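Values below: every heavy atom of this structure, side chains too, minus hydrogens, waters and symmetry copies. Position 1 is the first residue of the sequence, and the numbers go up from there. If you're wondering where the values come from, they're calculated on a predicted model, not measured in any experiment.
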Amino acid sequence: YIIKTATPGPYIADGATRSFTLQVGNRGPSDAREVWIRDFGFTGGNIFSIQAPGFGQCWLSNLTCYAPVFSAGSTATVTILFTVSPAQPC
């Protein structure tokens with residue numbers, strides 16, 4: 001499963017930092033292999049960080065994270081940070 005949330009929001013000031021959080025889980029019963037998570041982002045901002053501690057490797061260039069094995073019963077959090085461009089909707 002994947003659950004996406006945004007903070008703070010839904011409305012924030014120009015130039016403010018905002019984050020998207022993806023809560024990811026494997027309910028099992030088996031380990032998942034070759035797991036890719038990709039977020040398609042948004043318009044109107046500058047993405048400057050993507051992190052998924054304990055999940056696997058992430059790439060900022062295409063908002064993608066990869067884990068060769070995601071164990072049954074595991075959860076992970078992917079956090080994407082960005083700033084809102086002036087006069088742009090988010």
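- Atoms CD1 and CG, on I2 and L22 in that order, are 6.5 Å from each other to the nearest 0.5 Å.
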Check against side chain to side chain contact (heavy atoms under 4.5 Å, CB included), T21 and T77: CA-CA 7 Å; T21 302; T77 301; 3.4 Å; yes

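- Here S71 contributes atom OG and R33 contributes atom CZ; the two are 8.5 Å apart, rounded to the nearest 0.5 Å.
- A distance-only check finds a donor-acceptor pair linking the side chain of N26 to the backbone of F70 [under 3.5 Å].
- Hydrophobic cluster membership is shared by V84 and L60, with clusters built from Ile, Leu, Val, Met, Phe, Trp and Tyr side chains linked at under 4.5 angstrom.
- T75 is listed as a side-chain neighbour of Y1, based on a closest heavy-atom distance under 4.5 Å.
- Between the side chain of R38 and the backbone N or O of N62 there is at least one donor-acceptor pair closer than 3.5 Å.
- A heavy-atom distance below 4.5 Å is found between the side chains of I37 and F55.
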Test side chain to side chain contact (heavy atoms under 4.5 Å, CB included) applied to D39 and I80, step by step: CA-CA 9 Å; D39 189 69; I80 301 167; 3.8 Å; yes

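- In terms of hydrophobic clustering, with Ile, Leu, Val, Met, Phe, Trp and Tyr side chains grouped at heavy-atom distances under 4.5 Å, V24 and V35 are assigned to a common cluster.
- I47 places none of its side-chain heavy atoms less than 4.5 Å from the side chain of L81.
- Side-chain contact annotation: Y66 with E34, donor-acceptor N/O pair under 3.5 Å present.
- In plain terms, the two heavy atoms of D31 and A72 that are nearest each other are OD1-N, 2.9 Å.
- Residues F48 and F82 keep their aromatic ring centres 6.0 Å or farther apart.
- Looking at every heavy atom in both residues, A6 comes nearest to R18 through CB-NH2, 3.4 Å.
- Judged purely by distance below 3.5 Å, without hydrogens or angles, the side chains of S19 and T79 never pair a donor atom with an acceptor atom.
- F20 is not listed as a side-chain neighbour of T5, based on a closest heavy-atom distance of 4.5 Å or more.
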